Structure formats: structure tokens, C-alpha cells
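In this text the structure is predicted, and so the values were computed from the model without any measurement. Atom set for the values below is all heavy atoms of this structure, side chains included, hydrogens, waters and symmetry mates excluded. Numbering of ligands and ligand atoms starts at 1, following listing order.
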Amino acid sequence: MIVVMASGNGSNFENIVQCGIKVDLLVTDNPDAGVIDRAERLNIECKISETKYESIVPKNCDLVILAGFMKILSPKFVARRRVVNIHPSLLPSFRGANAVEQSLAAGVKISGCTMHWVDSGMDTGEIISQSACRVLESDSVSTLTDRIQVLEYELYPRKIKEVLVDTQLNIINI
Ligand code: GRF
């Protein structure tokens, strides 16, 4: 069983589904999240809880995929489940919220995204893979975010499939 957790727009969630990963359940902590409409349209079960989001994720799920989930998960939750995340910077640089703003403020010339295992820290888990792009002089938070998201849409489903194949979970429709 594969669970996605998301708090916002949900473009990565939809992209993962469209790329053939069989998502069984979407969990969100935000009753106003755009991702809820996407789940309905994609016919994927959705559970919403602002506080009990951890307890509605089954303990026996094979993989938990974070896709713009904005809360830190408890040590107990991550110790019992395999959890991956996508982050809009080249970790270990620019952890936490506002990673794109932090990158622009620091004046970096290369940015990108990082897929990593989730531990109980904030964006501190082992790195699985990264994709990089240039940062342009003219970039705003919006233009750089858009360029990074293009990388995310390619990297995240491809590496999720690798993780699932590595663990011999036959739950991909390639
Ligand atoms: C992604 O771009 C990812 O980097 C970050 O949250 C964003 C979520 O965007 N973790 P969306 O909701 O998938 O559009």
C-alpha cells in the first residue's frame, strides 16, 4: 500500500499518479488544500485531519510519499514506516521552509531538488537522488520554483519506482 501526504496544491501528487504509481490513499492536514480536488478527480481515497494525520496512515503501508507535506512527522511515525520526500534545494543546503527564497538570498548559481529518506529531523534524512538547474540573474522565487518543479516531476516518480523495485514491491503500472 502506498500513501501520499500533502498539504497544498498537489501538483507532485498528481504527477506521481499520472506516471503510473499506484497510490492507495492521500492524507492531508489541510482541509483547504488543492490536492483534495485532485484526489477526487483521480478517484483516489482522501482522508483529511488537521491533527490526527499520523494515525490515519496505516502502519503496514509499503511506502509513504511526502509531496509538499508541511508538518514535521514524529520520530515514532518515521521509525515505523519508510518515508520519502522531495525538497526544492540541493540538500544539505537550505533545509526547511522557504528553500527557494533562501537559495536566492544566498546568491547561489546552481539550485535544484533533492529526494531523500525522511527521518525525524527537518530535511536531514539520507539523500536518494538530486537534479540541478541554473539560477539566472533575473530569477524570482516564482520563476526558480517553476524551474525546480520541472525537475521534481521527472526525478521523483522515476526514483520512487526504483525504490519500489529495489524492495520488490510489485505495485507500479509501468
Ligand atoms: C514541491 O515543489 C516540493 O519541492 C515541496 O513542496 C512543493 C509542493 O508542490 N516539498 P505541489 O503541492 O506538489 O505543487
Within-cut-off N or O pair, Y153 and ligand 1, under 3.5 Å: no
Please list the nearest protein heavy atom to atom 8 (C) of ligand 1 with its residue and the distance rounded to 0.1 Å. G68 CA, 3.7 Å
What do you reckon, does I86 have a nitrogen or oxygen under 3.5 Å from a nitrogen or oxygen of ligand 1? yes
Is any side-chain N of the basic residue among E50 and K71 closer than 4.0 Å to the acidic one's carboxylate O? no
Is a donor from one side chain sitting under 3.5 angstrom from an acceptor on the other, for T114 and H116? no
Looking at non-hydrogen atoms alone, which of M115, M70, E152, H87 comes nearest to atom 3 (C) of ligand 1? E152
Nitrogen or oxygen atoms of N9 and ligand 1 under 3.5 Å apart: yes
Tell me whether D139 is salt-bridged to R134, with the criterion being a basic N under 4.0 Å from an acidic carboxylate O. no
Atom 13 (O) of ligand 1 has as its nearest protein heavy atom N12 N, 2.8 Å
Would you sort out whether V4 and L66 count as a side-chain contact (heavy atoms from CB on, under 4.5 Å), showing the intermediate values? CA-CA 6 Å; V4 173; L66 304 187; over 6 Å; no
Do ligand 1 and N85 have nitrogen or oxygen atoms that lie under 3.5 Å from each other? no
Looking only at side-chain N and O atoms, does D119 offer a donor or acceptor that is under 3.5 Å from a partner on T124? yes
Could you tell me, atom by atom, which parts of ligand 1 come under 4.0 Å of a heavy atom of S11? 11 (P), 12 (O), 13 (O), 14 (O)
Among all protein heavy atoms, pick out the one at the shortest distance from atom 9 (O) of ligand 1; state its residue, atom name and that distance to 0.1 Å. Q149 NE2, 3.2 Å
Polar-atom distance check: G10 versus ligand 1, any N or O pair below 3.5 Å? yes
E14 bridged to R41 by N-O distance under 4.0 Å: yes
Between S74 and E54, is any side-chain donor less than 3.5 angstrom from a side-chain acceptor? yes
